[in-house]
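Structure first, then comments.
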Amino acid sequence: MEGLFDNLLESKPVFKDKEVLRPSYTPSYLPHRRDQLNAIAIILVVALRGETPSNILVYGKTGTGKTACAKYVGRELTDVGASRGVPCNVAYINCEVVDTQYRVLAYLARQFDKDVPMTGWPTDHVYSQFIEALNAQAGSVIIILDELDKLVRKSGDDVLYNLSRINLELTNTRVSLIGISNDLKFTEYLDPRVRSSLAEEEIIFPPYDANQLRDILEERARLAFKEHALNPEVIPLCAALAAQEHGDARRALDLLRVSGEFAERVNADSVKEEHVRTAQMRIELNRVAEVVRTLPTQAKLVLYSIITLQQNGARSATTGEVNRVYETLCRQIELDVLTKRRITDLIMELDLLGIISTKVVSKGRYGRTKEISLSVPLDETFRVLLEDYRLEALDGTRFARRSVKESLF
DNA sequence: ATTCCACAGGAAGCGACGGCCC
DNA sequence: GGGCCGTCGCTTCCTGTGGAAT
């Protein structure tokens, strides 16, 4: 019987091991990062001699290898420590997800086998549980705080203050911190004492240029693809496209992987330029669609309002205009009307997600406002918005183009 | 030089919720 | 079940401000 999967299985795969191209994979060789790796290693090596390593702050844009390097050095340290009888524990926290003092402490305590609930305990209780867990350990503990700027922006620097003084309460163990941040300026928001303690050492990760990206891709492609599965122009193209996006290696690897998936899907025996082009387009579109789809209803309606104004021909809208359209639409579908202040925040969130871009401008006598413009494809986004049943009703009442103002006010 | 618009965006706090402890 | 605690989405109240108009 001709099975559903038979055809698909018969196609000649271009991949040898696709996992190598995923962001979760930590490579065993990191091209163009020898200086940074050495710098971190030199600081951490004292842990093996029973001393406390300095705290480190690592800066660099997304996809410059910060996380990979930190994890890599951490793993090496743990291994070498184990073989020399000096235990070194490394805890990794992504502060984008774990973004409050309570959650950080709870997460850490859990790493050391304490049972801590999601919420419910007073924070200082979680703190003392963590101390207790640490005192049961020996040797060094390295805590990697990834996306640290997100945590600080949201919850302030209390966590860092407590963590940076934690050694005072420990008897057997020594704790060192590695903070990782995209944002060079985030230490400005820190208490000076916290800043000086946290940034005893600073390491900068510059973005990769196209040539360096090519080396990285070639390195991984060797593991990921079968021989001759890549046309010669593919890697340079991926590298060049990603270099335009401020040298983001993650994007480059993603692009290469999706290109391969496309080639496989159309049963090509090798990856070609056209597959890369398709992949590039598809990645961006998928990203946007996914983000928009998972927006809360109110945020969707704000975005809908911005799009409505843009459909009307406005190059950019102001906060006030968006607000007025939003309120009208809101009443139309009987949604609770949120305050202007809240809308300001929702607009900011859309900006942060890269769906719109905003700029504060002063119109002198006529006030100060934000110019808001859509930075994603209008029609695609609009379609995704209409998938929401609560917004669906608005489609019928599509305002006559060119006359939104009159039909609304 | 001063005024003043139309907002930006900080601070505080509220109420609901989920979840702890006793 | 009652008293707390942390978190989230939101409101209320507020101070701050760039620059055209006066």
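Source: prediction; values computed, not measured. Sequence lines set the chain letters: A, B, ... in the order given, protein chains first and strands last, and positions in each chain run from 1.
When the shell of 6.0 Å around CZ of Arg84(A) is examined, it contains 12 or fewer heavy atoms from other residues, nucleotides or ligands.
Taking the centre and axis of the six-membered ring of Phe262(A), the NZ or CZ atom of Arg265(A) falls inside the cone set by 45° and 6.0 Å. In this structure, Lys71(A) is positioned above the aromatic face of Tyr92(A), its NZ or CZ under 6.0 Å from the six-membered ring centre and within 45° of the axis. Geometric assessment of Arg331(A) against the ring of Tyr326(A) yields a negative cation-pi assignment under the 6.0 Å and 45° thresholds.
Side-chain contact check for Gln137(A) and Asn89(A): at least one donor-acceptor pair (N or O, by modelled atom type) lies under 3.5 Å.
The residue Lys370(A) sits close only to the backbone: its heavy atoms come under 4.0 Å of sugar-phosphate atoms, none of a base. Counting non-hydrogen atoms under 4.0 angstrom, Thr319(A) reaches the backbone sugars and phosphates but no base.
In this structure, the CD1 atom of Ile372(A) is 12 Å from the C1' atom of dA8(B), given to the nearest Å. Rounding to whole angstrom units, CG of residue Asp351(A) and C1' of dA8(B) are separated by 13 Å. Rounded to an integer number of Å, the gap from Met118(A) CE to dG6(C) C1' is 11 Å. Atom pair Leu346(A):CG and dT11(C):C1' shows a separation of 13 Å (rounding to whole Å applied). Between the CE atom of Met348(A) and the C1' atom of dA8(B) there is a distance of 11 Å, rounded to whole Å. Straight-line distance from the CG atom of Leu295(A) to the P atom of dG9(C): 12 Å, rounded to whole Å. The interatomic distance linking Asp336(A) (CG) with dT11(C) (P) rounds to 8 Å, in whole Å. Rounded to whole Å, atom P of dC4(C) lies 18 Å from atom OH of Tyr102(A).
The base of dG18(B) sits within donor-acceptor range of the side chain of Thr119(A), with an N or O pair under 3.5 Å.
Residue Lys154(A) has a polar side-chain atom (N or O) positioned under 4.0 Å from OP1 or OP2 of dC8(C). An OP1 or OP2 oxygen of dC8(C) is reached within less than 4.0 angstrom by a side-chain nitrogen or oxygen of Arg103(A). The side chain of Trp121(A) contributes an N or O atom lying less than 4.0 Å from OP1 or OP2 of dC21(B).
At distances below 3.5 Å, not a single donor-acceptor pair connects side-chain atoms of Ser197(A) with backbone N or O atoms of Arg193(A).
Out of dC10(C), dT7(C), dC21(B), the shortest distance to the side chain of Thr100(A) is found at dT7(C). In the set dC20(B), dT7(C), dT12(C), dT12(C) carries the atom at the smallest distance from any side-chain atom of Arg341(A).
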For nucleotides 17-22 of chain C, give me one character per nucleotide, 5' to 3': B if any protein heavy atom sits under 4.0 Å from the base, S if the only such contacts are to the sugar-phosphate, - if neither. BBBBS-
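The 5' end of DNA chain C is approached more closely, in terms of each residue's nearest nucleotide, by Pro122(A) than by the other of Asp99(A) and Pro122(A).
If you look at Phe225(A) and Phe15(A), their ring centroids are closer than 6.0 Å.
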